[in-house]
A.B. asks: 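Before anything else, here's the structure in question.
For ligands, and for the atoms within them, numbers begin at 1 and follow the listed sequence. Because only heavy atoms are used, hydrogens play no part in the values below, and waters and symmetry mates are left out as well, while side chains stay in.
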Amino acid sequence: MKTAISINPAYREGVANELSKILADEYVRYTKTKNAHWNIEGRDFYDKHKFFESQFGELDAIVDSVAERIRTLGYYVDAMLKAFLSVTQFTEQKREKNNSAAYIKELLADHETLIKSLKGNILVFGNEYHDLGTSDFVTALVETHEKMAWFLRSHLM
Ligand SMILES: [Fe+2]
């Protein structure tokens, strides 16, 4: 059935394509946070193990909401790891030391990169694609990432 939500179909497709890249970024962030949760070592193991668990829980909810926003716009979700890795701006790396500071620094840098690109998306979705709903949706995502970044940053003081 036709998706009639008052967004020009060409714009809707453009938004869905951009959301697919955001989904890939969020999925890789989720996996990297799981990696930290599983492999963390050190005197602060249990505390950071639980902390990363709370962060990947938030990312799991974000991943789900981004995928469902794509469906809301009338497009299917290309939910394959190969597809995610081909469009994400993030890289994965194997580390020598599994200490919390190294994990936290890398996760924080990724959040800050994502916050910057999401802020660009807010303007593109609103001004170029005239999709204020998705623009608002991404604004809420930015706020969540800013708070997650604060939590990560606070461990490094
Ligand atoms: Fe676990």
A.B. asks: Aromatic contact between His155 and Phe51, with the criterion being ring centroids under 6.0 Å apart: yes or no?
C.D. replies: yes
A.B. asks: Got a second to check how far Leu118's CG is from Asp25's CG, nearest 0.5 Å?
C.D. replies: 8.0 Å
A.B. asks: Is the backbone N or O of Phe52 less than 3.5 Å from a side-chain atom of His37, with the two atoms forming a donor-acceptor pair by type?
C.D. replies: no
A.B. asks: Kindly indicate whether the side chain of Tyr76, heavy atoms from C-beta on, has any atom under 4.5 Å from the side chain of Ile70.
C.D. replies: no
A.B. asks: Return the orientation label for the His145 and His111 ring planes: parallel under 30°, perpendicular over 60°, tilted otherwise.
C.D. replies: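 Rings of His145 and His111: tilted, as their planes differ by 30° to 60°.
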A.B. asks: Could you give me the CA-CA distance, side-chain angles and deciding distance for His130 and Phe125, then say whether ring-ring contact (aromatic ring centres under 6.0 Å, His included) is met?
C.D. replies: CA-CA 6 Å; His130 307 289; Phe125 291 156; over 10 Å; no
A.B. asks: Identify which protein N/O/S atoms are less than 2.8 Å from the Fe ion (ligand 1).
C.D. replies: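 N, O, S partners closer than 2.8 Å: His37 NE2.
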